[in-house]
Amino acid sequence: MKAKLKVSWDFNRTEIEKGTEVTIIKGMEADADGVLNAPYGMCYLCELDGVMSYIPATYLIITDWDIIDWEQRRYEIAKECVAVLMSGEMTLEDAAKISVEQADALIAELKKQKREIRETVM
């Protein structure tokens, strides 16, 4: 996945200008303060010219949303939901049904936000 920096960023001791495109390797829910002395929250492991660095998600604009495999994301979200719901007093059938509904709702919201971001950026 590709993203552009919303702000300038110190990418492994090299100042990278706002608007520079980076490749997102993976997301990471982390205490970013311990990782890179930045705000807390979601970070992405990004690569630029063979060098990798964690960048807070709030500093990036995803530029290639179209290549997201939504069915794969749906599966991953539902799988996580089932695991959480099954830790309580719920049947597998009920947990599965609720998990798929939650995954669909989350994906719908993500797609809505994607459209809003595109309209803002363009």
Engineer: Between Gln102 and Cys81, which heavy-atom pair has the shortest distance, and what is it?
Structural biologist: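 Minimum heavy-atom contact is OE1-SG, 3.3 Å.
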Engineer: Between the main-chain N or O of Ile61 and the side-chain N or O of Lys6, is there a donor-acceptor pair closer than 3.5 Å?
Structural biologist: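 Absent.
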Engineer: For the pair Met86 and Leu92, evaluate side chain to side chain contact (heavy atoms under 4.5 Å, CB included) and give the outcome as yes or no after the intermediate values.
Structural biologist: CA-CA 7 Å; Met86 289 301 296; Leu92 176 58; 4.2 Å; yes
Engineer: Of the non-hydrogen atoms in Ser8 and Glu15, which two are nearest, and what is the gap between them?
Structural biologist: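 Here Ser8 and Glu15 meet closest at CB-OE2, 2.9 Å.
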Engineer: Would you compute the distance between atom OH of Tyr44 and atom OG1 of Thr58 and round it to the nearest 0.5 angstrom?
Structural biologist: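 Here the rounded value is 10.5 Å.
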Engineer: For residues Ile16 and Val51: do they belong to one hydrophobic cluster (side chain heavy atoms under 4.5 Å, members Ile, Leu, Val, Met, Phe, Trp, Tyr)?
Structural biologist: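 Yes: a chain of side-chain contacts under 4.5 Å links Ile16 to Val51.
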Engineer: Side chains of Lys2 and Thr23 only: does a donor on one sit below 3.5 Å from an acceptor on the other?
Structural biologist: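 Side-chain D/A pair, Lys2 to Thr23: present.
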Engineer: Any ion pair linking Glu76 and Lys79 (charged N to carboxylate O, less than 4.0 Å)?
Structural biologist: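 Result for this pair is no, no salt bridge flagged.
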Engineer: Which atoms form the tightest heavy-atom contact between Leu85 and Ala95, and what is the distance?
Structural biologist: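 Where Leu85 meets Ala95 most closely, the heavy atoms are CD1-O, 3.7 Å.
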Engineer: So do the side chains of Arg73 and Leu110 get within less than 4.5 Å of each other, counting heavy atoms only?
Structural biologist: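 Of all side-chain heavy-atom pairs linking Leu110 with Arg73, none is under 4.5 Å.
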Engineer: Can you get from Val82 to Ile98 by hopping between Ile, Leu, Val, Met, Phe, Trp and Tyr side chains that sit under 4.5 Å apart?
Structural biologist: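 No, it is not one cluster - the side chains of Val82 and Ile98 are not joined through contacts under 4.5 Å.
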Engineer: Compare every heavy atom of Ala78 with every heavy atom of Ala103, then report the nearest pair and how far apart it is.
Structural biologist: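 For Ala103 versus Ala78, the nearest heavy atoms are CB-N, 3.9 Å.
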Engineer: Specify the closest pair of heavy atoms between Glu47 and Asp49, including all atoms of both residues, with the distance to one decimal.
Structural biologist: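 So the minimum-distance heavy-atom pair works out to OE2-N, 3.4 Å.
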Engineer: Just checking Gln72: does its CD atom have more than 12 heavy atoms from other residues, nucleotides or ligands closer to it than 6.0 angstrom?
Structural biologist: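 Counting neighbours around CD of Gln72, more than 12 heavy atoms of other residues, nucleotides or ligands fall under 6.0 Å, so yes.
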Engineer: Decide yes or no on side chain to side chain contact (heavy atoms under 4.5 Å, CB included) for Arg74 and Val100, but give the supporting numbers first.
Structural biologist: CA-CA 8 Å; Arg74 184 179 190 237; Val100 170; 3.0 Å; yes
Engineer: Of all the heavy-atom pairs spanning Thr63 and Ala3, show the shortest one and how long it is.
Structural biologist: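 Smallest interatomic distance, heavy atoms only, reads OG1-N, 3.7 Å.
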Engineer: How many angstroms lie between CD1 in Ile77 and CD1 in Ile107, if you round to the nearest 0.5 Å?
Structural biologist: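 The CD1 atom of Ile107 is 4.5 Å from CD1 of Ile77, to the nearest 0.5 Å.
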Engineer: Would Tyr54 end up clustered with Ile25 when hydrophobic side chains under 4.5 Å apart are linked, directly or stepwise?
Structural biologist: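 Yes, Tyr54 and Ile25 fall within the same hydrophobic cluster.
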Engineer: Quick one, Cys46 with Leu60, criterion side chain to side chain contact (heavy atoms under 4.5 Å, CB included). Give me CA distance, side-chain angles, the key distance, then yes/no.
Structural biologist: CA-CA 10 Å; Cys46 298; Leu60 297 167; 3.9 Å; yes
Engineer: Are Leu48 and Val7 grouped together when hydrophobic residues (ILVMFWY) are joined by side-chain heavy atoms under 4.5 angstrom apart?
Structural biologist: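 Yes, it is one cluster - the side chains of Leu48 and Val7 are joined through contacts under 4.5 Å.
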